[in-house]
Every structure is written in C-alpha cells, then in structure tokens.
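These notes concern the structure reproduced below.
Ligands are counted one by one from 1 in listed order, and the atoms in each one are counted from 1 as well. Just so it is clear, the values below take in all heavy atoms, side chains as well, and ignore hydrogens, waters and symmetry mates.
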Amino acid sequence: MQLGLIGLGRMGQIVVERTLAAGHDVVAFDLDEAAVATAAEAGADPADSIDDLTNQLGADKRIWLMVPAGEAVDVTLEELESHLDGDDVVVDGGNSYFEDSVRRAESCPAAYLDCGTSGGPAGAELGFSLMVGGPEWAYEELEPVFDAVATGPDGHERMGPAGSGHYVKMIHNGVEYALMQAYGEGFELLHEGRYDLDLESVASVWNNGAVIRSWLLELCEEAFREEGSDLGTVADRVEGGSTGTWTVQEGLEQEVPLPLIYTALAERFGSRADDGRFSRRLANRLRYGFGRHAVPRRE
Ligand SMILES: NC(=O)C1=CN([C@@H]2O[C@H](COP(=O)(O)OP(=O)(O)OC[C@H]3O[C@@H](n4cnc5c(N)ncnc54)[C@H](O)[C@@H]3O)[C@@H](O)[C@H]2O)C=CC1
Ligand SMILES: O=C(CO)[C@H](O)[C@H](O)COP(=O)(O)O
C-alpha cells in the first residue's frame, strides 16, 4: 500500500518507520523541512507541499494525519479537500476531541477514520494500541497499515462509528491521569515516610509480580533510575491537561462520577502554583517517559 503521512514529529516518524518496515510505501510531508528530510532518510518519498503529496499518491488515496490536535487538523483537511473523493481514506491518528472528529467526518469528502493512538514515542519498538472509529470498509482497507503501526493485528480494533476512536482514547487518557496520580501519591508517601528507601528498588520489586505492576510503573522505575530517588531537578509542574479536561466534561454530561480523574486533573492545574509536591514531580517525569514531553526542571 502507498500511504501519505502528514505530520512527522515524535509520533509521525514512528508511523513512517513502522509502515516502511512492513513493506509499504510512504509519501511524507511536514511544515518542517528537517522532519521531511528525516522521513526521507528512513526511506519515505519526500513531499514539499500537500499538493505535491496528493500528486504523488495515485487514485484511492490513503492519508494519515499525525499533526497536533485542533487547528492544524482543520487547516490540513481544508488543503486536502479539493484532492479527495469518496474512494479515499483519511486517518487522524492524533489526540483530537471526538466531537471535532464527528464534525470532520461529516464534511470530509473522503472516508474519515478517527484513530486514538496509545503507546507514545517510547512505545515505538513494540508498536501502538490503535482505537479506530469510522466506516467499516475504510477500517478494513487500512488494516495492513494498522497491522504495521500497531503491535500487530491484536493492537488495533474498530470501536464503532465516527468519533468513537477518539472518544475511547480520551477516556484512556483520563485513566492515565488517575493512574499517574495514584503512583505519584504512593511514591510521595514512601519518599516522605518512615524509611529511607531506594524508590527504584521499590518500583522494581513491584514490577516483578506485584498486583500493581504496569508500564507506567516501569516508567516510574526508569525515572528513579535516571533522576535518583528524590527526582533530582524534576519540577513539580505538570503540563498537558486537554484530554483529561474533556474526559471530566464528558463525565459531567453523562452524570458519571469521575472523582479520581477529576482530582488528578485538578492536581495538574494546582501544580502550576509551584509548591514542590513529589507526586506532581513524578507525574511531570512520567509524561517524558511515555510521551517524550519536555520536563520542566527546578533551578
Ligand atoms: N507524544 C505522545 O505521547 C502522543 C501524541 N499523540 C498525538 O499525536 C499527535 C502528534 O503528536 P507528536 O508527534 O507528539 O507531536 P510533535 O509536536 O512531535 O509533532 C507534530 C508535527 O506536526 C507538524 N505540523 C504541525 N502543523 C502541521 C501542518 N499544518 N501541516 C503539516 N505538518 C504540521 C509539526 O511540524 C511537527 O513535526 C498529537 O495530536 C498528539 O496529541 C498521541 C498519542 C501519544
Ligand atoms: O496521549 C498521550 C499519551 O497517551 C499523550 O502523551 C498526551 O499528550 C498525554 O496527555 P497530556 O498531554 O494531557 O498529559
């Protein structure tokens, strides 16, 4: 298959590499020329504009967007619009708000798949977990690419109609916030508590058979190994927050109580006051662990 890839940052480059490794062809475009050059070095055909990208794709275009959620997706779709018809498929693999995806699916001339992507840059080798919403025929058409980008055939699933992929990913992120908060509180108590503990050892022993073992806990272990038990210069400022906010808003609309997710979100907002909480410093470092997000540091 030939795939057009727009957005070649931390996540897009991985989609390029995994798609090429599975024997498909990739035409790659990004506003940043250096990112296009990196994709070309990996074996993709470079494009210098969206016009160029669509010209290089034949009929029945398959295009994957991996640009930041929000305006960049709308701008890209506007530019693509005149090149698309009903036999084409566009995948949005970013963290778009699900209602935006429903709107885009209605107005896009191509079949539109909203694809929640989990695993982050750190999960590149293993492959991602993909939660896909949209028309069944388009999902089936893209299955060879999903097989390549995901951990394999079990790493992707069609969730339902338009919006459902990004809806599931939004709630996944709410869960992610709450889990980070729970690990953060536990390690904060261990850090402030009665014993002088090596937190890397605690995380390591928990990761070997304990009920609470997980990838996030492996990232805690990595964070303590790389930063030290006191987390060194990692600041107590946790960035991000959009997907958690949407999850909490949806909980309110559906009248489903989400006290843990809400508290984790409130902690993030509270962290911007800078009062040194250990749990917030661990959450800050974990966002680097899974997402390669920048780590605010203390002076
Ligand atoms: N980093 C992570 O852990 C994860 C990120 N995501 C989502 O994937 C999407 C991409 O994330 P990252 O790769 O981390 O971001 P990134 O910031 O590393 O890369 C975004 C790329 O898009 C390019 N870009 C921006 N506007 C563009 C436009 N109009 N046309 C063409 N290229 C454009 C930028 O130049 C950049 O190379 C976002 O929606 C993000 O929320 C999803 C799961 C995990
Ligand atoms: O989707 C992700 C992980 O699953 C991204 O890393 C996302 O950026 C995390 O959300 P936030 O930026 O609000 O921490």
Side-chain angles (χ1 to χ4, degrees), residues 4-17 27-39 46-54 63-80 90-98 100-101 104 114-124 127-131 149-150 165-166 168-181 184 215-216 219 237-248 261 264-265 267-269 271-272 280 282-296:
L5 215 305
I6 302 175
L8 306 167
R10 289 165 294 193
M11 296 294 284
Q13 294 287 356
I14 296 167
V15 176
V16 169
E17 284 162 23
V27 183
F29 172 68
D30 193 293
L31 293 178
D32 177 0
E33 286 174 18
V36 178
T38 303
D48 60 16
S49 65
I50 286 189
D51 275 0
D52 183 22
L53 177 133
T54 52
I63 299 174
W64 186 305
L65 313 184
M66 213 62 194
V67 299
E71 201 187 339
V73 179
D74 284 318
V75 167
T76 306
L77 287 172
E78 268 167 40
E79 279 195 60
L80 280 172
V90 174
V91 180
D92 173 14
N95 272 329
S96 294
Y97 182 49
F98 75 97
D100 288 340
S101 300
R104 289 167 185 150
D114 51 286
C115 173
T117 304
S118 180
F128 298 135
S129 164
L130 302 176
M131 299 137 253
V149 175
H166 282 149
V168 173
K169 179 59 178 20
M170 171 186 82
I171 295 169
H172 159 288
N173 279 29
V175 172
E176 179 181 291
Y177 284 35
L179 290 175
M180 289 164 71
Q181 182 66 21
W215 188 50
L216 276 174
L219 295 177
R237 181 179 177 84
V238 195
E239 303 285 1
S242 55
T243 49
T245 300
W246 301 335
T247 308
V248 169
I261 296 173
L265 178 67
E267 274 292 305
R268 280 199 187 198
F269 295 152
S271 79
R272 292 160 199 180
R280 294 165 175 171
L282 183 55
N284 169 14
R285 185 54 173 68
L286 286 175
R287 288 185 74 255
Y288 171 78
F290 59 72
R292 296 295 181 256
H293 300 292
V295 181

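- In terms of heavy-atom proximity, His172 sits nearest to Ser118 at NE2-OG, 2.8 Å.
- Any N or O atom pair closer than 3.5 Å counts here, and Asp32 shares no such pair with ligand 1.
- The nearest pair of heavy atoms linking His166 to Ser101 is ND1-OG, 2.7 Å.
- With hydrogens left out, the protein atom closest to atom 20 (C) of ligand 1 is Pro68 CD, 3.8 Å, a heavy atom.
- Using a 4.0 Å heavy-atom criterion, the residues that approach ligand 2 are Asn95, Lys169, His172, Asn173, Glu176, Tyr177, Gly240, Gly241, Thr243, Arg268, Arg287, Phe290, His293.
- Residue Leu265 holds its CG atom at 12.5 Å from CH2 of Trp246, rounded to the nearest 0.5 Å.
- In this view, Asp74 and Arg103, Arg104 satisfy the salt bridge (Lys or Arg N to Asp or Glu O under 4.0 Å) rule, not counting sequence neighbours.
- Gly291 CA, 3.1 Å is the protein heavy atom nearest to atom 3 (O) of ligand 1.
- The distance from ligand 1 to the heavy atoms of Pro121 drops below 4.0 Å at these ligand atoms: 1 (N), 2 (C), 3 (O).
- At least one N/O-N/O distance between Val67 and ligand 1 falls below 3.5 Å.
- One finds the CG atom of Asp32 at 8.0 Å from the OG1 atom of Thr38 (value rounded to the nearest 0.5 Å).
- Between Thr243 and Asn173, the side chains place a donor N or O and an acceptor N or O closer than 3.5 Å (distance only, hydrogens not considered).
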How far apart are the C-alpha atoms of Lys169 and Thr117, what are their side-chain angles, what is the distance that settles it, and do they pass the side chain to side chain contact (heavy atoms under 4.5 Å, CB included) test?
CA-CA 7 Å; Lys169 179 59 178 20; Thr117 304; 5.6 Å; no
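- Taking Arg237 as the reference, Glu239 meet the salt bridge (Lys or Arg N to Asp or Glu O under 4.0 Å) condition, with sequence neighbours excluded.
- Residue-to-ligand polar distances keep Phe29 apart from ligand 1: every N/O pair is separated by 3.5 Å or more.
- For Leu8, every heavy-atom contact with ligand 1 shorter than 4.0 Å involves the backbone, none the side chain.
- Protein heavy atom closest to atom 23 (C) of ligand 1, with residue, atom name and distance, is Asp30 OD2, 3.2 Å.
- Here the shortest heavy-atom pairing between Pro121 and Ile14 reads CA-CD1, 3.4 Å.
- Looking only at protein heavy atoms, the nearest one to atom 43 (C) of ligand 1 is Thr117 O, 3.1 Å.
- The shortest heavy-atom distance from Met66 to ligand 1 is under 4.0 Å.
- Expressed to the nearest 0.5 Å, how far CG of Leu65 lies from CG of Asp114 amounts to 11.5 Å.
- Nearest heavy-atom pair, Arg10 versus Gly291, reported as atom, atom and distance to 0.1 Å: NH1-O, 3.6 Å.
- In this structure, Phe128 and Val15 approach most closely via the heavy-atom pair CE1-CG2, 4.4 Å.
- Near Gly120, meaning under 4.0 Å from any of its heavy atoms, are these atoms of ligand 1: 3 (O).
- Closest protein heavy atom to atom 32 (N) of ligand 1: Leu31 N, 3.5 Å.
- When each atom of ligand 1 is checked for a heavy atom of Ile6 under 4.0 Å away, the hits are 31 (C).
- For atom 39 (O) of ligand 1, the nearest non-hydrogen atom of the protein is Asn95 N, 3.0 Å.
- Here the closest heavy-atom approach between residue Ala39 and residue Leu8 is recorded as CB-CD1, 4.0 Å.
- Scanning for ring-ring contact (aromatic ring centres under 6.0 Å, His included) contacts around Tyr288 gives an empty result, with sequence neighbours left out.
- Among all protein heavy atoms, the one lying closest to atom 11 (O) of ligand 1 is Met11 CG, 3.9 Å.
- Nearest protein heavy-atom contact of atom 15 (O) of ligand 1 is Arg10 NH2, 3.7 Å.
- Contacts of Thr76 with ligand 1, taken as heavy-atom pairs under 4.0 Å, involve the side chain alone.
- Atoms of ligand 1 lying under 4.0 Å from any heavy atom of Gly94, numbered from 1 in the order shown and given with element: 7 (C), 8 (O), 9 (C), 39 (O).
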